[in-house]
Amino acid sequence: MKIAIAGAGAMGSRFGVKLQSAGNQVTLIDNWDEHVTTIQQQGLTVTTDDGTDHVYHMTAKRPEEVTEQFDLVILFTKAMQMDQMLQQLSGVLGNQPTVLTLANGIGNVETIERHVPKDHVVAGTTVWSSSLTGPGHITVTGTGSISLQAIVPEKFPDLPGLIATLNGAGLNASPAENVLAAIWKKAGLNSVLNTYCTLFDCNIAEFGSLPNWRTLNDAVLNEFEAVATAAKIQFSAADVTALIAAQFDPSKNGGHYPSMHQDMAKKRPTEIDFLNGYVAKLGAKLNVPAPTNALLAQLIHSQESLKGIK
Ligand code: NAD
């Protein structure tokens, strides 16, 4: 299959390597000039669990250099970069490839639908992970899985075929029954752990050790539940709280600093407007107040400003 990875950062590069290694024709597309040049000249270096480096020779292009058509476009930009990437790839999207997004945050499907007919869009969530260590270099640990669903299931021609392609690359994909609920669930978790760990400069276990973590957690998730209910999206604050509590164990995810914390440390923009910020905005539109989420979004934006992040 001819596959474009649009947004070939940490996750896009990891998926690109796996799909190419399984025999697909993969093109990495990215706007970070130095990253693209490094991959073109030296290949993509992947550091694995045991600390060894593996170099993969891959096709890498800037969006304006892409002229060919693809069967599948996997969008792996950050949520706030997606609209620009889709605009840049308008020529590529003319042939109506399947467009798959597994990016975090709420609202990505709405962004894609502004550029691609709904019938071609597949969305999901993933627990694979990866870090961009530098231009042309990722570090990967552990394994993961993908849960995905077509946005208009009755019109999408071949979801089993797409799942088979992903599974042929060992990506552990399976169909989701309610992908919007899954996206909101993951966003709820991220809107607690990412946001507070970033503000407090702590890891997940340290957040869980706070005597008032439940108060902080509930202030976010009760608003999520009220806004989701008004938007007719299935969301249970209790279920997400249980999932969050399960992350505190230091032998599991407790020692992990969430991605927003890493973005802030690297002076990169965060996805806050697609997490707490999205719920605050949607709440305002639906007349469901979400002041805690609105304030948290403002606090993260203030921290970005103080660090000179644009
Ligand atoms: P990333 O930051 O590694 O890459 C996203 C884009 O930002 C890429 O186009 C990349 O080239 C660009 N970029 C990164 N650093 C840059 C720099 N210093 N200068 C210029 N451009 C730079 O993002 P990611 O971690 O691959 O995440 C993609 C999506 O997947 C996000 O929605 C994220 O929340 C989600 N996600 C990530 C992980 C993870 O472990 N990384 C896990 C699950 C979901």
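Everything numeric in this text was worked out from a predicted model, so none of it was measured. All ligand and atom numbering here is 1-based and tracks the order in the structure.
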Option from Leu100, Val26, Ile3, Ile146 for which side chain to side chain contact (heavy atoms under 4.5 Å, CB included) with Phe15 holds: Ile146
So the atoms of ligand 1 within less than 4.0 Å of a heavy atom of Leu132 turn out to be 3 (O), 14 (C), 15 (N)
Among all protein non-hydrogen atoms, which one is nearest to atom 37 (C) of ligand 1, and what is the separation to 0.1 Å? Met11 CG, 3.4 Å
Write out the residue and atom name of the closest protein heavy atom to atom 23 (O) of ligand 1, then the distance separating them to 0.1 Å. Lys78 CE, 3.4 Å
Less than 4.0 angstrom from a charged side-chain N to a carboxylate O is my criterion; do Asp239 and Lys185 meet it? no
Answer whether the closest heavy-atom distance between the side chains of Asn293 and Val220 falls below 4.5 Å. yes
Under 4.5 Å between any side-chain heavy atoms of Gln247 and Leu189, yes or no? yes
Can a side-chain donor-acceptor contact be found between His301 and Glu304 if the only test is distance below 3.5 angstrom? yes
Which of the numbered atoms in ligand 1 are below 4.0 angstrom from a heavy atom of Glu271? 31 (C), 32 (O), 33 (C), 34 (O)
Is the closest heavy atom of Met80 to ligand 1 under 4.0 Å? no
According to side-chain contact (heavy atoms from CB on, under 4.5 Å), who are the partners of Asp249, at least two apart in sequence or on a separate chain? Ser251, Lys252
With a 4.0 Å heavy-atom cut-off (strictly under), which part of Val127 contacts ligand 1: side chain, backbone, both or neither? neither
Considering only heavy atoms, does Met82 approach ligand 1 within less than 4.0 Å through its side chain, its backbone, both, or neither? neither
How close does the nearest protein non-hydrogen atom get to atom 28 (C) of ligand 1, and which residue and atom is it? Phe76 O, 3.5 Å
So, does Trp128 sit close enough to ligand 1 that a heavy atom of it is under 4.0 Å from the ligand? yes
If you count the atoms of ligand 1 from 1 in the order shown, which ones are under 4.0 Å from a heavy atom of Gln81? 5 (C), 6 (C), 7 (O)
When you measure from atom 11 (O) of ligand 1 to every protein heavy atom, which one gives the shortest distance, and what is it? Asp30 OD2, 2.6 Å
Asn104 contact mode with ligand 1 (heavy-atom cut-off under 4.0 Å): both
Show every donor-acceptor pair shorter than 3.5 Å between a side-chain atom in residues 200-215 and any protein atom, with sequence neighbours excluded, or say none if there are none.
residue, atom, partner, partner atom, Å
Asp201, OD1, His261, NE2, 2.7
Asn203, OD1, Ala205, N, 3.2
Asn203, OD1, Glu206, N, 2.9
Glu206, OE1, Asn203, N, 2.9
Ser209, OG, Glu206, O, 2.7
Arg214, NE, Asp218, OD1, 3.1
Arg214, NH2, Asp218, OD2, 3.4

Go through ligand 1 atom by atom and flag the ones less than 4.0 Å from a non-hydrogen atom of Ser129. 40 (O)
Using a 4.0 Å cutoff against the non-hydrogen atoms of Gly9, which atoms of ligand 1 qualify? 3 (O), 4 (O), 8 (C), 10 (C), 26 (O)
Name the closest protein heavy atom to atom 29 (C) of ligand 1, giving the residue it belongs to and the distance to 0.1 Å. Thr77 O, 3.6 Å
Tell me which part of Arg268 gets within contact of ligand 1: side chain, backbone, both or neither, using heavy atoms under 4.0 Å. side chain
Provide the number and element of each atom of ligand 1 under 4.0 Å from a heavy atom of Lys186. 43 (C), 44 (C)
With a 4.0 Å cut-off on heavy atoms, is Asn31 in contact with ligand 1? no
Heavy-atom side-chain contact between Met1 and Asn24 under 4.5 Å: yes
Identify, for atom 1 (P) of ligand 1, the protein heavy atom at the shortest distance, and state residue, atom and that distance. Ala10 N, 4.0 Å
Please state which part of Ser130 comes within less than 4.0 Å of ligand 1, counting heavy atoms only: side chain, backbone, both or neither. backbone
What I want to check is whether the side chains of Asn276 and Thr195 have a donor and an acceptor closer together than 3.5 Å. yes
